[in-house]
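Notes follow once the structure below has been shown.
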Amino acid sequence: MEWIDICVNLTHENFKGDREAVLDRAAEAGVRWLLVTGSDERESRRSLELADRHPDRLRATLGVHPHHASQWRDQTAYAFAEDAKHPLVRAMGEMGLDYYRNHSTPAAQRHAFEAQLELAVDLRMPVFLHEREASRDFGDILQRYRDRLPAAVVHCFTSDAAALARYLEMDCHIGVTGWVCDERRGQELQALVPRIPDHRLLLETDAPYLLPRTLPKGLPHGRRNEPSFLPHIGEHVARLRNTDPEALASQTSANARAFYQLPD
């Protein structure tokens, strides 16, 4: 089976000591492609540098996460516009709104989100989106740009049925992480996963975050998530959707290839 992980924070310091081994384990697990996520201007550049070193397995995104929205400057847009010319950059993001933590003010988040959507429209690039506890404002802003964007994925979806319906109505893809494996806080997502149309479902680890709670205890890397665990998430999602893992892997990989224009 072949899997594609649409969100790996591979520039995170948790991978500093064994990044190459992490990539090797992902390949051994059948994870063919990894999308390395940009979270601010510096990390976006590092994501591209990593992809440039591993063009046979990595692609990059460029974005400013809502946690870092206060860092957004006009020159950030200029830097992203230049870096987006690189053929290994396949989406703009991670961008969006996060009212759960509010590491940047809601006003700063909305400003950075709209600025990045405008840039993505200008560049005709797909967008990789983050939303937590902000579905109304997020949906209202995205609605104004959606018909001018080639594609959009709401990554690590954890919202409610109304938000899911609205995002699907806007023709968004939906990214599902190991949150779905959490028996405490993942119950609502477990109930909603079967409602995601086959052609709109994407899978991700969001590593090193969101280690699936259903993994065996005593893993050698402790609480760190990594892309080699994506098949475990896929098997859990397949059970929830009453399908077999091989079919799910094939469908979600085809979706990711089309969304990110990935080669074989």
Side-chain angles (χ1 to χ4, degrees), residues 4-12 33-52 55 58-98 103-104 108-132 134 137-157 167 170-175 177 200 202 204 206 255-262:
I4 296 176
D5 191 343
I6 68 156
C7 181
V8 183
N9 299 284
L10 199 58
T11 64
H12 196 283
W33 288 102
L34 290 72
L35 275 296
V36 186
T37 306
S39 58
D40 61 22
E41 188 173 341
R42 176 176 176 271
E43 295 306 313
S44 293
R45 177 61 61 83
R46 292 188 64 210
S47 296
L48 179 53
E49 290 170 352
L50 280 175
D52 219 15
L58 303 181
R59 293 293 183 267
T61 74
L62 309 174
V64 173
H65 190 287
H67 289 347
H68 309 302
S70 60
Q71 300 176 15
W72 180 265
R73 301 289 185 272
D74 288 345
Q75 55 263 38
T76 307
Y78 300 141
F80 284 172
E82 284 301 307
D83 285 344
K85 296 174 183 178
H86 196 294
L88 299 185
V89 174
R90 294 303 170 89
M92 303 305 296
E94 183 171 356
M95 65 175 83
L97 302 178
D98 190 317
H103 289 314
S104 293
Q109 292 184 50
R110 291 190 291 269
H111 173 71
F113 186 26
E114 292 206 54
Q116 291 179 88
L117 288 171
E118 290 172 1
L119 180 60
V121 167
D122 290 343
L123 298 173
R124 296 299 299 161
M125 295 193 72
V127 289
F128 180 77
L129 305 171
H130 174 107
E131 181 270 305
R132 190 170 185 192
D137 284 356
F138 176 89
D140 288 348
I141 292 171
L142 180 60
Q143 187 83 56
R144 298 200 294 270
Y145 295 88
R146 180 64 189 94
D147 63 354
R148 291 177 284 154
L149 294 164
V153 55
V154 181
H155 115 96
C156 190
F157 178 81
Y167 302 155
M170 285 191 279
D171 201 26
C172 293
H173 286 69
I174 305 296
T177 66
R200 286 290 171 260
L202 296 170
E204 51 182 316
D206 202 15
N255 295 345
R257 285 183 183 280
F259 189 100
Y260 291 104
Q261 297 297 295
L262 300 172

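We number each residue from 1, following the sequence as shown.
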Please round to the nearest 0.5 Å and tell me the distance separating atom [atom1] of [X] and atom [atom2] of [Y].
X    : Y    : atom1 : atom2 : value
I6   : L202 : CD1   : CG    : 4.5 Å
H103 : Q109 : NE2   : CD    : 9.5 Å
L10  : L58  : CG    : CG    : 6.5 Å
M170 : Q143 : CE    : CD    : 5.0 Å
T61  : M95  : OG1   : CE    : 8.5 Å
T177 : H155 : OG1   : NE2   : 8.0 Å

Discussion item. Evaluate F80 against V89 for side-chain contact (heavy atoms from CB on, under 4.5 Å), listing each step before the verdict.
Written reply: CA-CA 10 Å; F80 284 172; V89 174; over 6 Å; no

Worksheet item: Testing E43, E49, R45 for side-chain hydrogen bond (donor to acceptor under 3.5 Å, both in side chains) with T11, which one passes?
Response: E43

How close do [X] and [Y] get, heavy atom to heavy atom, and via which atoms?
X    : Y    : result
V153 : G175 : CG2-N, 3.9 Å
R146 : A151 : NH2-CA, 3.8 Å
S44  : G38  : OG-CA, 3.4 Å
L149 : A120 : CD2-CB, 3.7 Å
S104 : S70  : OG-N, 3.1 Å
M125 : A91  : CE-N, 3.6 Å

Worksheet item: For R90 and W33, what are the C-alpha separation, side-chain angles and deciding distance, and is it a side-chain contact (heavy atoms from CB on, under 4.5 Å)?
Response: CA-CA 12 Å; R90 294 303 170 89; W33 288 102; over 6 Å; no

Fill in: Check: R148 main-chain N/O paired with R124 side-chain donor or acceptor under 3.5 Å
yes

Discussion item. When you measure from the side chain of E131 to the backbone of G96, do you find a donor-acceptor pair of N or O atoms at a distance under 3.5 Å?
Written reply: no

Holding to salt bridge (charged side-chain N to carboxylate O under 4.0 Å, His left out), I want the full list of residues that pass it with [X], two or more places apart in sequence or in another chain.
X    : result
R200 : D171
D52  : none
R42  : none

Discussion item. I'd like to check the ring pair (Phe, Tyr, Trp, His ring centres under 6.0 Å) partners of Y167; sequence neighbours left out, ordered by chain and number.
Written reply: F138

Worksheet entry | ring pair (Phe, Tyr, Trp, His ring centres under 6.0 Å) partners for H173, two or more places apart | F259

Worksheet item: Would you say the side-chain atoms of T37 and E94 include a donor-acceptor pair closer than 3.5 Å?
Response: no

Item to complete: Could you name each residue pair satisfying salt bridge (charged side-chain N to carboxylate O under 4.0 Å, His left out) that touches residues 58-82, not counting sequence neighbours?
Response: E82-K85

Discussion item. Would C172 and L142 count as a side-chain contact (heavy atoms from CB on, under 4.5 Å) here? Give the steps.
Written reply: CA-CA 10 Å; C172 293; L142 180 60; 3.9 Å; yes

Item to complete: Before giving the answer on side-chain contact (heavy atoms from CB on, under 4.5 Å), spell out for T76 and Q71 the whole-Å C-alpha distance, their side-chain angles and the decisive distance to 0.1 Å.
Response: CA-CA 9 Å; T76 307; Q71 300 176 15; over 6 Å; no

